[in-house]
Amino acid sequence: MSVRVRRVYEPPQPEDGVRVLVDRLWPRGLSKEAARVDEWPKGLTPSTELRRWYHAGEASYEEFARRYEAELAAPEAAGLVDVLRESAGEGPVTLLTASKSPEESHAAVLAHLLQT
């Protein structure tokens, strides 16, 4: 199973496989043609409340990850996680985010969850 996380602003690579945007909002200044996004399952993104709480800078990444995983356990999100996990079992999947620190973002939490 191959799941990786990349910034959506990086040029697409042939080894990306299925490119999945995991941000709730479309990235600023990026055209849909340049992004080459295959899927955009908004049900996998953190809730607005969780996203704002984390970006306020008062939360640890570990606590954010715990809360986000709890959101992903909800029925609708869990179904989307299963679909994405199935897709990753068939070939490479690249999770795309506009986050400046993808290694400490919701995309990294989701990638870890998909690989377990």
Side-chain angles (χ1 to χ4, degrees):
M1 177 177 298
S2 174
V3 177
R4 68 182 188 161
V5 176
R6 296 185 63 216
R7 290 199 73 219
V8 69
Y9 298 107
E10 296 173 11
Q13 300 294 318
E15 62 272 11
D16 284 349
V18 178
R19 293 171 52 86
V20 182
L21 180 63
V22 293
D23 290 350
R24 184 168 300 271
L25 304 174
W26 187 262
R28 287 184 179 164
L30 187 65
S31 72
K32 291 185 179 184
E33 294 77 29
R36 288 200 20 230
V37 169
D38 298 310
E39 298 177 21
W40 189 14
K42 293 180 186 178
L44 284 178
T45 63
S47 66
T48 300
E49 296 80 16
L50 181 59
R51 186 173 44 84
R52 287 181 180 160
W53 173 79
Y54 182 53
H55 292 297
E58 299 175 13
S60 69
Y61 175 70
E62 292 75 20
E63 179 63 16
F64 167 76
R66 187 187 67 73
R67 291 183 185 195
Y68 180 45
E69 286 178 3
E71 287 187 357
L72 291 173
E76 179 187 348
L80 292 170
V81 169
D82 289 343
V83 168
L84 200 51
R85 187 177 284 125
E86 186 176 305
S87 183
E90 296 171 1
V93 170
T94 299
L95 305 179
L96 302 169
T97 181
S99 173
K100 292 180 182 175
S101 301
E103 64 282 350
E104 286 192 353
S105 72
H106 63 288
V109 175
L110 182 57
H112 176 75
L113 185 65
L114 289 170
Q115 295 176 9
T116 57

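- Taking Arg51 as the reference, nothing meets the salt bridge (charged side-chain N to carboxylate O under 4.0 Å, His left out) condition, with sequence neighbours excluded.
- With rounding to the nearest 0.5 Å, the separation of CG in Leu44 from NZ in Lys42 is 12.5 Å.
- Panel note: side chain Asp38, backbone Val20; no donor-acceptor pair is recorded below 3.5 Å.
- A continuous path of Ile, Leu, Val, Met, Phe, Trp and Tyr side chains, each step under 4.5 Å between heavy atoms, connects Leu110 with Leu50, placing both in one hydrophobic cluster.
- When the side chains of ILVMFWY residues are joined at heavy-atom separations under 4.5 Å, either directly or via intervening members, Leu95 and Tyr68 end up in a single hydrophobic cluster.
- Using a distance-only test at 3.5 Å, with no hydrogens or angles considered, a donor-acceptor pair links the side chain of Gln115 to the main chain of Val3.
- Under the side-chain contact (heavy atoms from CB on, under 4.5 Å) criterion, Arg24 pairs with Thr45, Thr48, sequence neighbours left out.
- Under the side chain to side chain donor-acceptor pair (under 3.5 Å) criterion, Glu63 pairs with Arg66, Arg67, sequence neighbours left out.
- In terms of heavy atoms, Thr97 sits closest to Ala107 at CG2-CB, 4.0 Å.
- Here the side chains of Pro27 and Leu21 are in contact, with some heavy-atom distance below 4.5 Å.
- More than 12 heavy atoms of other residues, nucleotides or ligands sit less than 6.0 Å from atom CD of Glu15.
- Scanning both residues, Gly43 and Ala77, for their nearest heavy atoms gives O-CB, 3.7 Å.
- Contact annotation: the side chain of Leu80 never approaches that of Leu72 to less than 4.5 Å [non-hydrogen atoms, C-beta and beyond].
- To the nearest 0.5 Å, atoms CG (Leu96) and CZ (Arg19) are separated by 4.5 Å.
- Under the side-chain contact (heavy atoms from CB on, under 4.5 Å) criterion, Ser2 pairs with Pro92, not counting sequence neighbours.
- At distances below 3.5 Å, at least one donor-acceptor pair connects side-chain atoms of Ser105 with backbone N or O atoms of Pro102.
- Of all heavy-atom pairs spanning Glu71 and Pro46, the tightest one is OE1-CA, 3.5 Å.
- Between Glu104 and Phe64 the shortest side-chain heavy-atom distance does not fall below 4.5 Å.
- Between His106 and Asp23 there is a side-chain heavy-atom pair separated by less than 4.5 Å.
- By the salt bridge (charged side-chain N to carboxylate O under 4.0 Å, His left out) test, Arg85 pairs with Asp82, sequence neighbours left out.
- What you find for Leu30 and Ala34 is that their closest heavy atoms are CD1-CB, 4.0 Å.
- In this structure, Ala35 and Trp26 approach most closely via the heavy-atom pair CB-CZ2, 3.8 Å.
- Annotation for Ala73 and Ala78: closest pair O-CB, 3.9 Å, computed over non-hydrogen atoms.
- For Trp53, there are no ring-ring contact (aromatic ring centres under 6.0 Å, His included) partners, not counting sequence neighbours.
- By the criterion of side-chain heavy atoms lying less than 4.5 angstrom apart, applied directly or through intervening Ile, Leu, Val, Met, Phe, Trp or Tyr residues, Leu113 is grouped together with Tyr61 in one hydrophobic cluster.
- Using a 4.5 Å cut-off on side-chain heavy atoms (C-beta onward), Glu103 and Val5 make no contact.
- Looking at Gln13 and Arg4, their side chains come closer than 4.5 Å, going by heavy atoms from C-beta outward.
- Once rounded to the nearest 0.5 Å, the distance linking OG of Ser101 with CZ of Arg7 reads 8.5 Å.
- Between the CD atom in Glu69 and the OG1 atom in Thr116 there is a gap of 7.5 Å [rounded to 0.5 Å].
- To the nearest 0.5 angstrom, Arg52 atom CZ is 7.5 Å from Glu49 atom CD.
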